[in-house]
Amino acid sequence: MADSSNAPSSFWTQANALLRKNLIFQKRNIKTNIRLVLFPLFLCLLLVLIQMLVNSELDKPSRRCGCTCVDTGNGQCETRCGIEYSTLDQAFSCPIPHPPEWPPLLQVPAQQYRAVRTDVTSYGDLPGDSCKQTGSCPVTTLITGNNQTFGQTVAGNMLSRPLNINFSDILHSLADYALGSESKTRVVSFIDSAFLSSFPVDLLQPQCLSTSRFSVAIKLGSATLQQDVRCAQGLQLWRNSSTEINDELYKGYRKGNPERKINEILAAYDFENSNENLFNVTVWYNSTYKNDTGNQPLSLIRVPRSINLASNAYLQFLLGPTTKMLFEFVKEMPKSGTKLRLDFSSLLGPLFFTWVIVQLFPVVLTSLVYEKEHRLRIMMKMHGLGDGPYWMISYAYFLAISSIYMLCFVIFGSAIGLNFFRLNDYSIQFVFYFLFINLQICLAFLVADWFSTVKTATVVGYMMVFGTGLLGGFLFQFFLQDSSFPKAGIIAMELFPGFSLYRGLYEFSQYAFNGNYMGTGGMQWKDLNDSNNGMRDVLIIIAVEWLVVLCTAYYADQVVSSGKNPLFFLRKKQKNLSSSSFRKPSLQRQGSKVFVQMEKLDVDQEREKVEQLLLESSTSHSIICNNLKKIYPSRDGNPEKFAVRELSLALAEGECFGMLGPNGAGKTSFINMMIGLIKPSSGTAYVQGLDIRTDMDRIYTSMGVCPQHDLLWETLTGREHLYFYGRLKNLQGAALTQAVEESLKSVNLFHGGVADKKAGKYSGGMKRRLSVAISLIGDPKVVYMDEPSTGLDPASRNMLWNVVKRAKQNRAIILTTHSMEEAEHLCDRLGIFVDGSLQCVGNPKELKGRYGGSYVFTMTTSPTHEEEVEKLVQQLSPNATKVYQISGTQKFELPKNEIRIADVFEAVENAKSRFTVQAWGLADTTLEDVFIKVARGAQEISTLS
Ligand SMILES: *[C@@H]1O[C@H](CO)[C@@H](O)[C@H](O)[C@H]1NC(C)=O
Ligand SMILES: *[C@@H]1O[C@H](CO)[C@@H](O)[C@H](O)[C@H]1NC(C)=O
Ligand SMILES: *[C@@H]1O[C@H](CO)[C@@H](O)[C@H](O)[C@H]1NC(C)=O
Ligand SMILES: *[C@@H]1O[C@H](CO)[C@@H](O)[C@H](O)[C@H]1NC(C)=O
Ligand SMILES: *[C@@H]1O[C@H](CO)[C@@H](O)[C@H](O)[C@H]1NC(C)=O
């Protein structure tokens, strides 16, 4: 066991130890982990649910191709299927193998909106508004041009007079007439909606002679569609200029107009400079919806007929009424069916999935901050864990967790059929997610340095999760969809990792959505070249950020956590600088010489011993402190603080050195220097011959620390702690098991299953004992214990003392304590440490002899006999001093060389015969008296100087 621990543990041993610890830690956190994994599953299921609702709505019979709802009369409807065309809504996705032909139509204003005379229009040729009551308002067309005769002649040819329809050739014979409808058109349809609407088709004639209607039949597959046709008067009015027309049309708009002012017209023709030789016409049409996509009305389909009307009329003007240029029918192109699936999950994906992925950030962050908050990182370091293994294992560990998480997420998403995952190339997804989780881990490492508590890290982390998702979904996406937003701006925003993630997911969702809708696949590698595809930029940004953040995080970690100089990579240069700075405080040296003169011979001797040892460069001593000094620089106007002044101390192997001292004397500063938490301002110490300024990393491998506050993982058991630290100390296999068992037994944590309880559930005393056990595991050569027995009950304390006593056989122990009893019990030598320097060094007996050369004599009588007691003491010892006197109780110090104990007893017996002695006592000086004396003396001197 001793052999193996001498060799410092290798990189892989440390990595192995850390990995095993992390795995156990993870196992303990199983509930949190399950919750973590369930979150994306929950979101995926939610998406699937929404998708199913949408699908079931789309799958309703009323939306299925070839089905229609037939009204059965009593308000209910019966679904009939198996017909070729059913409703216009279905035309969007249903196949149209044999599109029907239908006569071209004009867009006719609805009855109530047709132009009439009103107080806003100055034209008297418009009809009065009484026609609105009878529903017989004419449909107005406005004409203008350079030559009124010409214009009106041509316009007159537009509307045929005699009604002569051959029903067996309906399309051909209807082509002579101007037909129109007030129904709204559709973007996707297989027939003009006019033939399926409740409004009859209007047949425009100069005069409606009969109000009778007839119906036209249009063949729709195997069925026939009947639609009523009724006559509507077409009114053609001459205007003198296009400006007038413009003005009149402007007043016609429905929107924003009180109803009475609406004045819609069919169309307006400006023949401009047309004549027999030139046909130059401008047609006005209502283009309100001319370029809307989606399912809003689109009137463009009803524009061609209005042009044909003018062309045909002009042709007839030139060549006579028998010449015709017929516009017989309109027909859709045949098309195949498309699947009617609104891929909702793809549309909502970016927001949900941003949450899912960024959720890992607080997880990694809190885990890092936890180790920082509880100072576990430094604790591990002090027990020999190097930065290399720490980084490698932590990084690999978080990467593994993130990868598993993402893998579950993608597999689950694919399994439940989300197109977002299934359509896009998995290799692109892999690269994208992999790069991003790496970036995220590095960011967490970087940001972890800013947080000191898990609570704030958690709060900030989750705020970032939701903030990123929402900002991405409701702000960033807005910029993405705004094609006028400069690309550079988007790229700048993508520098924020959350947005680059959002962008990537957004691209996936767009490709998945379009791929699903169009029947093409999702994103493929070749699609990265698309100009609209931001994925390539995003991948580059993330990859570059990953590297930059990784380096920055490592650098920051070295500076912040490992306490290295910000310029540590220029190490050589730095060394010269610092060695010169050691000589700076020469003034202080003289100041402390004064102290040395104050009869601190023992301290002086120790200093000489150290100097001697340094010359000999002998290795018989485990710890040699040479003029160790720590000055805290002045801050906020406070003067510099000397925490440790020129401390020289040599500790042999097998020695336990106790450090006593009042609070704030600098004991903890001293320990912190020795364990590498802070750097000495000057001087140095050698541990096993290694310099604490330069070789701390090697010192750590043979060092044990029991810090003042227990640094433990709450979810790991005592046994697991010991296994972890034992492995760090290069213990393996049976030796490790044995060491852990022994260690647990020695601190009384073995029985009753205590060893397998989580450390978070331990009482203060148990934690303390575990800390001591940790500091001793792996047979370290040097152990520092900062107040190891604070808060222990007497029984545990005794047990702990036995452990320490046994442990000190072959190692050096430095122990700070407030308990004199403990110091006396454990330590071979003691140093009383006041105001940053040692006041005395020696073994307890020596110290007591030197500082406590007196007995303490106490006697209690009635107050009337006080003088007699004083006299008695005077007789015993003329140099006695009274320490205190309170209502009959007096305490004296009697120099040891002046009295014999037997005399004291005799004198007391005599006194008892003369007056009543209620109580009396004689005591040797305790270490406590020594301590108080030394501490008080030193403080008096320091206030004097
Ligand atoms: C106007 O048009 C008519 C009919 O085409 C034509 O006879 C007449 O000469 C034209 N007038 C002018 C001024 O061009
Ligand atoms: C009606 O159209 C059919 C088919 O083109 C034709 O055979 C028939 O002669 C026409 N009838 C009249 C009265 O023009
Ligand atoms: C054009 O059509 C729209 C929509 O049908 C209507 O609101 C508007 O009033 C029309 N304008 C004119 C001048 O007919
Ligand atoms: C047709 O009329 C427009 C005026 O609206 C004019 O600019 C254009 O030159 C004319 N075309 C011809 C061939 O005269
Ligand atoms: C209609 O919209 C498309 C796409 O938004 C555009 O490319 C096209 O130029 C528009 N057409 C007109 C006439 O404005």
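What you see is a predicted model; the values in this text were computed from it and never measured. Indexing begins at 1, ligand by ligand and atom by atom, following the structure's order.
The contact set between ligand 1 and Phe317, taken as ligand atoms under 4.0 Å from a residue heavy atom, comprises 5 (O). Of all atoms in ligand 1, listed by their number and element, those nearer than 4.0 Å to a heavy atom of Glu276 are 4 (C), 5 (O). The Leu249 neighbourhood of ligand 3 comprises atoms 13 (C), with distances under 4.0 Å to a heavy atom of that residue. Heavy-atom contacts of Glu272 reach the following atoms of ligand 4: 1 (C), 2 (O), 3 (C), 4 (C), 5 (O) (cutoff under 4.0 Å). The contact set between ligand 4 and Asn280, taken as ligand atoms under 4.0 Å from a residue heavy atom, comprises 1 (C), 2 (O), 3 (C), 8 (C), 10 (C), 11 (N), 12 (C), 14 (O).
Protein heavy atom closest to atom 14 (O) of ligand 4, with residue, atom name and distance, is Asn273 ND2, 3.4 Å.
Heavy atoms of Leu278 found under 4.0 angstrom from ligand 4 belong exclusively to the side chain.
No side-chain N or O of Trp284 forms a donor-acceptor pair with one of Asn286 less than 3.5 Å apart. Side-chain contact annotation: Asn280 with Asn273, donor-acceptor N/O pair under 3.5 Å present.
Partners of Cys44 according to the disulfide bond (SG atoms under 2.5 Å apart) rule, which considers only residues two or more places apart in sequence or in another chain, do not exist here.
A perpendicular orientation is assigned to the rings of Phe499 and Phe496, their planes being inclined by more than 60° (bins at 30° and 60°).
At a 3.5 angstrom cut-off on N or O pairs, Thr282 does not count as close to ligand 4. For ligand 3, one of its N or O atoms has an N or O atom of Glu264 under 3.5 Å away.
The six-membered or imidazole ring of Phe167 lies near that of Phe214, with a centre-to-centre distance under 6.0 Å. Aromatic pair Phe476/Tyr506: ring centres not closer than 6.0 Å. Centroid-to-centroid, the aromatic rings of Phe317 and Phe279 stay 6.0 Å apart or farther.
Put simply, atom 11 (N) of ligand 1 has protein non-hydrogen atoms near it, under 4.0 Å away.
Within a 6.0 Å sphere centred on CZ of Phe42, heavy atoms belonging to other residues, nucleotides or ligands number 12 at most.
Taking only non-hydrogen atoms, the option from Thr153, Asn147, Asn146 nearest to atom 6 (C) of ligand 1 is Asn147. The residue among Leu266, Asn286, Ile265 with a heavy atom at the shortest distance from atom 2 (O) of ligand 3 is Asn286.
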